[in-house]
Colleague: 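My structure is below; once you've seen it, I'll send some questions.
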Protein chains: 2
Amino acid sequence: METLRERKKQRTREALLRAAAELFTTRGYEGTTVDDIAEAVDVSQRTFFRYFAGKEEAALALQGLVVTRFVQAVRERPAGEAPMEALRQSVLQGWATLHEVIEAVVPVELYLRLYRVVESTPVLLAAHLRRSEEIEETLARLLAEREGVDVDADPRPRLAVAVFGGVMRVTERQWVAREDFGLEEMRALTVSYLEQVGPALTENWRTR
Amino acid sequence: METLRERKKQRTREALLRAAAELFTTRGYEGTTVDDIAEAVDVSQRTFFRYFAGKEEAALALQGLVVTRFVQAVRERPAGEAPMEALRQSVLQGWATLHEVIEAVVPVELYLRLYRVVESTPVLLAAHLRRSEEIEETLARLLAEREGVDVDADPRPRLAVAVFGGVMRVTERQWVAREDFGLEEMRALTVSYLEQVGPALTENWRTR
DNA sequence: AGGCTAATGGCAGCCACTGACAGTTGACGA
DNA sequence: TCGTCAACTGTCAGTGGCTGCCATTAGCCT
């Protein structure tokens, strides 16, 4: 049984998250001030900054939930599985279970719209990419351990993860750019793009 | 023959670039204010912002010179060459001719130290990564045209460039982390890592 | 009930960045 | 050569993100 104080904090945090998502998707990221968000939840600006390191974090925290699940999924993949396949399965699994993670805080539809804001706001995109790199470092160490190689002596873990991350980012961008962008579309794109990495690296593309 | 006004502008810009590089590498990026930079060149803060869109840009402008050359090199590669090979050759060429591009503004040694600052300062790294993505979009269109495919219908150009970019970023990070980091080391790492992308994607890594 | 501590609010201040306006200086034709 | 125009610069005022500090409030625990 958690204490009242903890429940209150949890509620404040989620309220801030909701207000931020709502405002960012309607007025835009730059068009929303931290004061706006704080006011919507009826707390002081100072309190906002006690919950989030900055405005960016409030915009990316929801994705953080999904990413955490994804990394955890990789950790739990069977040891015999090939590295790239473990990543692939974990991502697909992440998309499949996204609903239950997100809906506890905001409607999935709002989450998806926020995704678009992140992708189209330069400063947010930059922060997003940096976070992706941090995750890639985590994954590289994970895979190295799994495969029993030294992550600092053998570049293959980092290379594999970087390639995977690159493909995923292309996928995200294409997905967000579409009219019909839902979770099923994302799944299909992910599978398709990962299949085409090999062909993309071959000699020339004219002979399809 | 360029006019006096243009020469003066050029000089101011390069002076700001030099001062920024010097200050960032000594006091750190966060430890340097825009006022510091402006004062070092004896111009107003307002003038600084007329030359650079922000503090970040002043830190990344030098790399911009190198990147521009790189993209131009890709454009000039023979049409028959395979896409990945064109990128590879262009990067190596870029490192080889870096000296003559940079030295015109600041000592190469200072440029390399600045590289480290970018890689180790979160906000700068984020901006750097975003710019990398923009470049990747440019390259994807370039390669698509070269190969005669539609960049929006065929994902292969973007995928190839994303993979290449991912590998280059891993290379950069490893290079900067080293004690002895010079241009020759960078060249060697680039060649080595690009060779290992294939192996990194194979089944498992235990049988090296 | 009352002391302890975590959480909050308010305030002052720093810094990045911008718009507006006025002053200065190079460019260029008469 | 000079005067006009346009480009460049400085100053100032203001906004917004973010932080440190201190006083106040509110949940926790004995």
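Side chains are part of it too, since the values below use all heavy atoms of this structure and drop only hydrogens, waters and symmetry mates. Chain identifiers are assigned alphabetically (A, B, ...) following the order of the sequence lines, protein sequences preceding nucleic acid strands; residue numbering begins at 1 within each chain.
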Colleague: CZ of Phe48(A) versus C1' of dG17(D): gap in Å, rounded?
Modeller: 10 Å
Colleague: Just wondering, more than 12 heavy atoms not from Asp150(B) lying within 6.0 Å of its CG?
Modeller: yes
Colleague: Ignoring hydrogens and geometry beyond distance, is a side-chain donor-acceptor pair present between Ser132(A) and Glu136(A) at under 3.5 Å?
Modeller: no
Colleague: Just by distance, no angles: are the side chains of Glu76(B) and Gln72(B) close enough, under 3.5 Å, to form a donor-acceptor pair?
Modeller: yes
Colleague: Can you name the side chain to side chain contact (heavy atoms under 4.5 Å, CB included) partners of Phe52(A), sequence neighbours left out?
Modeller: Arg13(A), Leu16(A), Leu17(A), Phe48(A), Glu57(A), Ala58(A), Ala61(A)
Colleague: In whole angstrom, what separates Glu2(B)'s CD from dC28(C)'s C1'?
Modeller: 18 Å
Colleague: In whole angstrom, what separates Arg46(B)'s CZ from dA20(C)'s P?
Modeller: 10 Å
Colleague: Holding to side-chain hydrogen bond (donor to acceptor under 3.5 Å, both in side chains), I want the full list of residues that pass it with Glu56(B), two or more places apart in sequence or in another chain.
Modeller: none
Colleague: Without decimals, in angstroms, what is the distance between Arg11(A) CZ and dA7(C) P?
Modeller: 14 Å
Colleague: Quick one: sort the Tyr115(B) and Trp95(B) rings into parallel, tilted or perpendicular, breaks at 30° and 60°.
Modeller: tilted
Colleague: Report the residues that fulfil side chain to side chain contact (heavy atoms under 4.5 Å, CB included) with Asp35(A), sequence neighbours left out, ordered by chain and then residue number.
Modeller: Thr33(A), Gln45(A)
Colleague: For Glu195(B), what residues pass the side chain to side chain contact (heavy atoms under 4.5 Å, CB included) criterion, not counting sequence neighbours?
Modeller: Val191(B)
Colleague: Starting from P on dC15(C), measure out to NZ on Lys55(B) and report it in whole angstrom.
Modeller: 9 Å
Colleague: Taking the side chain as C-beta and beyond, is there a heavy-atom pair between Glu100(B) and Arg69(B) under 4.5 Å?
Modeller: yes
Colleague: What parts of residues 21-43 of chain A reach DNA chain D, counting only heavy atoms under 4.0 Å away?
Modeller: Thr32(A), Thr33(A), Val34(A)
Colleague: Between Lys8(B) and Gly54(B), who's closer to the 5' end of DNA chain C by nearest nucleotide?
Modeller: Gly54(B)
Colleague: Over how many whole Å does the gap from Gln45(B) atom CD to dT15(D) atom P extend?
Modeller: 17 Å
Colleague: Where along nucleotides 1-8 of chain D does protein come under 4.0 Å, by heavy atom, of base (B) or sugar-phosphate alone (S), with - for untouched nucleotides?
Modeller: -----BSS
Colleague: To the nearest Å, how far apart are Phe49(B) CZ and dA20(C) P?
Modeller: 17 Å
